[in-house]
Amino acid sequence: MESPGGTLLPLSNELIAGILDGHGYAFTQDADGDLVGRWDDNLIYFFRLGRSGEILQIRTLASRVFGIDDVLPLYDFCNGWNQDKLWPKAFVHVNDDGTVRVLGEVVADLEHGVTSYQLDQLLACGISSGCQLADSLEGLTW
(Lines give C-alpha, C1' and ligand atoms only; values in the text may rest on other atoms or scores of the structure.)
Protein backbone atom coordinates (compact mmCIF):
# COMPACT_ATOMS: atom_id res chain seq x y z
CA MET A 1 0.00 0.00 0.00
CA GLU A 2 1.44 3.38 -1.00
CA SER A 3 0.80 6.72 0.61
CA PRO A 4 1.59 10.22 -0.66
CA GLY A 5 4.57 10.43 1.70
CA GLY A 6 6.09 7.10 0.74
CA THR A 7 5.64 3.42 1.30
CA LEU A 8 3.85 2.25 4.42
CA LEU A 9 6.19 0.09 6.47
CA PRO A 10 5.51 -2.01 9.55
CA LEU A 11 6.73 -0.39 12.76
CA SER A 12 10.00 -1.94 13.91
CA ASN A 13 12.88 -1.09 16.22
CA GLU A 14 15.11 -0.98 13.14
CA LEU A 15 12.89 1.66 11.53
CA ILE A 16 12.85 3.75 14.73
CA ALA A 17 16.62 3.34 15.17
CA GLY A 18 17.25 4.39 11.57
CA ILE A 19 15.42 7.66 12.07
CA LEU A 20 17.09 8.35 15.42
CA ASP A 21 20.48 7.57 13.82
CA GLY A 22 19.67 9.90 10.95
CA HIS A 23 19.37 12.78 13.43
CA GLY A 24 22.57 11.80 15.21
CA TYR A 25 20.75 10.98 18.46
CA ALA A 26 22.47 8.77 21.01
CA PHE A 27 20.33 5.84 22.15
CA THR A 28 20.66 2.23 23.16
CA GLN A 29 18.60 -0.91 23.44
CA ASP A 30 17.77 -1.96 27.00
CA ALA A 31 17.60 -5.52 28.38
CA ASP A 32 13.93 -5.79 27.33
CA GLY A 33 14.77 -4.84 23.74
CA ASP A 34 13.28 -1.34 23.97
CA LEU A 35 15.08 1.68 22.56
CA VAL A 36 15.96 4.44 25.04
CA GLY A 37 17.90 7.68 24.90
CA ARG A 38 18.69 10.67 27.08
CA TRP A 39 17.61 14.19 26.18
CA ASP A 40 18.52 16.93 28.67
CA ASP A 41 18.85 14.43 31.56
CA ASN A 42 15.41 12.99 30.76
CA LEU A 43 15.05 9.39 29.64
CA ILE A 44 12.89 8.83 26.59
CA TYR A 45 11.77 5.31 25.75
CA PHE A 46 10.45 4.12 22.40
CA PHE A 47 8.15 1.20 23.14
CA ARG A 48 6.37 -1.00 20.64
CA LEU A 49 3.17 -2.37 22.12
CA GLY A 50 0.25 -4.43 20.83
CA ARG A 51 0.07 -7.97 19.54
CA SER A 52 2.32 -7.18 16.59
CA GLY A 53 4.29 -4.30 18.08
CA GLU A 54 2.19 -1.90 15.99
CA ILE A 55 1.55 0.70 18.69
CA LEU A 56 4.29 3.27 19.23
CA GLN A 57 4.57 4.71 22.71
CA ILE A 58 7.16 7.45 23.25
CA ARG A 59 7.48 7.77 27.02
CA THR A 60 9.43 10.53 28.72
CA LEU A 61 10.68 10.01 32.27
CA ALA A 62 11.35 13.54 33.46
CA SER A 63 14.56 13.87 35.46
CA ARG A 64 13.13 15.88 38.35
CA VAL A 65 12.31 13.74 41.39
CA PHE A 66 9.59 14.82 43.80
CA GLY A 67 8.51 13.68 47.25
CA ILE A 68 5.27 12.01 48.29
CA ASP A 69 3.95 15.33 49.63
CA ASP A 70 4.08 16.69 46.08
CA VAL A 71 1.59 14.18 44.64
CA LEU A 72 -1.55 16.32 44.92
CA PRO A 73 0.04 19.46 43.42
CA LEU A 74 1.52 17.26 40.66
CA TYR A 75 -1.93 15.85 39.90
CA ASP A 76 -3.13 19.44 39.49
CA PHE A 77 -0.14 20.24 37.28
CA CYS A 78 -0.72 17.18 35.06
CA ASN A 79 -4.48 17.83 34.81
CA GLY A 80 -3.78 21.40 33.72
CA TRP A 81 -1.12 20.26 31.27
CA ASN A 82 -3.42 17.64 29.75
CA GLN A 83 -6.21 20.20 29.41
CA ASP A 84 -4.00 22.79 27.69
CA LYS A 85 -1.67 20.60 25.59
CA LEU A 86 -2.21 17.82 23.10
CA TRP A 87 1.16 16.16 23.79
CA PRO A 88 2.47 14.48 25.73
CA LYS A 89 -0.17 13.05 28.02
CA ALA A 90 1.27 13.73 31.49
CA PHE A 91 0.80 11.57 34.56
CA VAL A 92 2.21 11.05 38.05
CA HIS A 93 4.02 7.87 39.07
CA VAL A 94 4.81 7.01 42.70
CA ASN A 95 7.78 4.67 43.04
CA ASP A 96 8.02 1.94 45.68
CA ASP A 97 10.60 4.01 47.58
CA GLY A 98 8.18 6.96 47.91
CA THR A 99 9.81 9.12 45.28
CA VAL A 100 7.52 10.64 42.69
CA ARG A 101 8.12 11.24 38.99
CA VAL A 102 6.12 12.77 36.18
CA LEU A 103 5.98 10.91 32.90
CA GLY A 104 4.76 11.95 29.49
CA GLU A 105 3.46 9.80 26.65
CA VAL A 106 2.81 10.22 22.96
CA VAL A 107 1.02 7.16 21.56
CA ALA A 108 0.15 6.26 17.97
CA ASP A 109 -1.55 3.15 16.59
CA LEU A 110 0.34 2.24 13.43
CA GLU A 111 -1.46 -1.01 12.66
CA HIS A 112 -1.63 -0.23 8.95
CA GLY A 113 1.99 0.91 8.74
CA VAL A 114 3.86 4.18 8.77
CA THR A 115 5.98 6.08 6.28
CA SER A 116 9.48 7.15 7.28
CA TYR A 117 8.32 10.76 7.13
CA GLN A 118 5.36 10.10 9.44
CA LEU A 119 7.53 8.21 11.91
CA ASP A 120 10.11 10.99 11.87
CA GLN A 121 7.34 13.47 12.74
CA LEU A 122 6.00 11.25 15.54
CA LEU A 123 9.47 10.80 17.05
CA ALA A 124 10.16 14.54 16.83
CA CYS A 125 6.83 15.27 18.52
CA GLY A 126 7.47 12.76 21.31
CA ILE A 127 10.98 14.00 21.99
CA SER A 128 10.30 17.74 21.81
CA SER A 129 7.01 17.70 23.72
CA GLY A 130 8.47 15.35 26.35
CA CYS A 131 11.36 17.76 26.88
CA GLN A 132 8.91 20.68 27.11
CA LEU A 133 7.00 18.83 29.83
CA ALA A 134 10.21 18.15 31.73
CA ASP A 135 11.28 21.81 31.40
CA SER A 136 7.95 22.92 32.83
CA LEU A 137 8.49 20.68 35.85
CA GLU A 138 11.84 22.32 36.59
CA GLY A 139 10.09 25.63 37.21
CA LEU A 140 7.56 24.28 39.71
CA THR A 141 7.58 25.55 43.28
CA TRP A 142 4.89 25.25 45.90
Side-chain angles (χ1 to χ4, degrees), residues 1-140:
M1 176 186 261
E2 291 286 323
S3 72
T7 302
L8 289 175
L9 303 167
L11 182 65
S12 68
N13 279 357
E14 293 75 22
L15 190 58
I16 296 167
I19 290 172
L20 294 173
D21 274 335
H23 289 287
Y25 294 140
F27 64 95
T28 189
Q29 193 168 34
D30 69 12
D32 295 326
D34 301 309
L35 301 178
V36 60
R38 186 174 296 279
W39 280 262
D40 300 331
D41 293 331
N42 309 298
L43 290 177
I44 300 182
Y45 290 87
F46 304 90
F47 296 119
R48 290 178 44 241
L49 308 171
R51 281 185 278 159
S52 302
E54 74 280 9
I55 299 171
L56 173 64
Q57 180 187 69
I58 304 166
R59 181 179 280 191
T60 300
L61 175 61
S63 63
R64 184 165 177 194
V65 179
F66 296 89
I68 198 73
D69 293 338
D70 297 319
V71 168
L72 291 179
L74 287 172
Y75 284 158
D76 288 340
F77 169 83
C78 288
N79 285 340
W81 177 276
N82 292 335
Q83 185 175 8
D84 296 340
K85 311 267 192 223
L86 290 176
W87 301 291
K89 176 184 77 175
F91 62 95
V92 176
H93 178 77
V94 178
N95 297 307
D96 292 340
D97 66 0
T99 59
V100 179
R101 304 290 283 271
V102 173
L103 287 82
E105 290 182 340
V106 172
V107 179
D109 184 346
L110 304 172
E111 177 181 359
H112 299 290
V114 64
T115 67
S116 294
Y117 177 79
Q118 289 169 324
L119 185 57
D120 188 29
Q121 293 299 303
L122 284 168
L123 296 178
C125 172
I127 293 166
S128 65
S129 66
C131 289
Q132 289 170 9
L133 171 64
D135 288 346
S136 294
L137 293 168
E138 290 302 320
L140 290 181

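Below, all heavy atoms of this structure are taken into account, side chains as well, without hydrogens, waters or symmetry copies.
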Interatomic distance, CD1@I58 vs CG@L35, rounded to 0.5 Å, equals 11.0 Å

side-chain hydrogen bond (donor to acceptor under 3.5 Å, both in side chains) filter on N95, not counting sequence neighbours, yields H93, T99

Rounding to 0.5 Å, atoms CD1 (I44) and CG (L103) come to a distance of 11.0 Å

Residues passing the ring pair (Phe, Tyr, Trp, His ring centres under 6.0 Å) test with F77, sequence neighbours excluded, are none

task = Applying side chain to side chain contact (heavy atoms under 4.5 Å, CB included), run through V100 and V65 and close with a yes or a no.
result = CA-CA 6 Å; V100 179; V65 179; over 6 Å; no

Checklist entry - Any chance CH2 of W87 has more than 12 other-residue heavy atoms, nucleotides or ligands included, within less than 6.0 Å? => result no

Check: Quick one: does E54's side chain have a donor or acceptor within less than 3.5 Å of a partner on S52's backbone?
Finding: yes

Could you tell me whether the side chain of R48 reaches within less than 4.5 Å of the side chain of I16, counting heavy atoms only?
-> yes

Residue set satisfying ring pair (Phe, Tyr, Trp, His ring centres under 6.0 Å) with F66, at least two apart, ordered chain then number -> none

Kindly list each side-chain donor-acceptor pair under 3.5 angstrom involving residues 121-130, sequence neighbours excluded, with atom names and distances?
residue	atom	partner	partner atom	Å
S128	OG	A124	O	2.8
S129	OG	C125	O	2.6

Between the CG atom in L20 and the CG atom in D120, the distance rounded to the nearest 0.5 Å is 9.0 Å

When rounded to the nearest 0.5 Å, the distance separating CG of D30 from OH of Y45 is 6.5 Å

Taken to the nearest 0.5 Å, the spacing of C78 SG from L137 CG works out to 7.0 Å

Looking at D76, is its backbone amide N or carbonyl O close enough to the side chain of N79 to form a donor-acceptor pair, meaning the two atoms are under 3.5 Å apart? no

Does some side-chain heavy atom of T60 sit less than 4.5 Å from a side-chain heavy atom of C131? no

**Study point:** Close side-chain approach of S63 to E138, heavy-atom, < 4.5 Å
**Key:** yes

Measure the shortest side-chain to side-chain distance between L140 and L74 over non-hydrogen atoms and say whether it is less than 4.5 angstrom.
yes

Smallest heavy-atom separation, S116 atom then L15 atom, equals OG-CD1, 4.1 Å

task = Check the pair F27 / D21 against side chain to side chain contact (heavy atoms under 4.5 Å, CB included), numbers first and verdict last.
result = CA-CA 9 Å; F27 64 95; D21 274 335; 3.3 Å; yes

What verdict does the side chain to side chain contact (heavy atoms under 4.5 Å, CB included) test give for V107 and L49, after you've listed the backbone C-alpha separation in whole Å, the side-chain angles of each residue and the deciding distance to 0.1 Å?
CA-CA 10 Å; V107 179; L49 308 171; over 6 Å; no

ask   = Below 4.5 Å, heavy atoms only, C-beta onward: do L8 and Q118 meet side chain to side chain?
value = yes

Note: I55 and G50 closest approach over all heavy atoms is CD1-CA, 4.3 Å

As a quick check of understanding, evaluate side chain to side chain contact (heavy atoms under 4.5 Å, CB included) for L119 and L9, giving each step before the final call. CA-CA 10 Å; L119 185 57; L9 303 167; over 6 Å; no

Value for CG (L61) from CG (N42), rounded to nearest 0.5 Å, stands at 8.0 Å

*asked:* Between D34 and F47 (side chain of the first, backbone of the second, donor and acceptor by atom type, cut-off under 3.5 Å), is there such a pair?
replied: no

Across all chains, not counting sequence neighbours, the side-chain hydrogen bond (donor to acceptor under 3.5 Å, both in side chains) partners of R59 are E105

With sequence neighbours left out, the residues meeting ring pair (Phe, Tyr, Trp, His ring centres under 6.0 Å) with Y25 are H23, W39

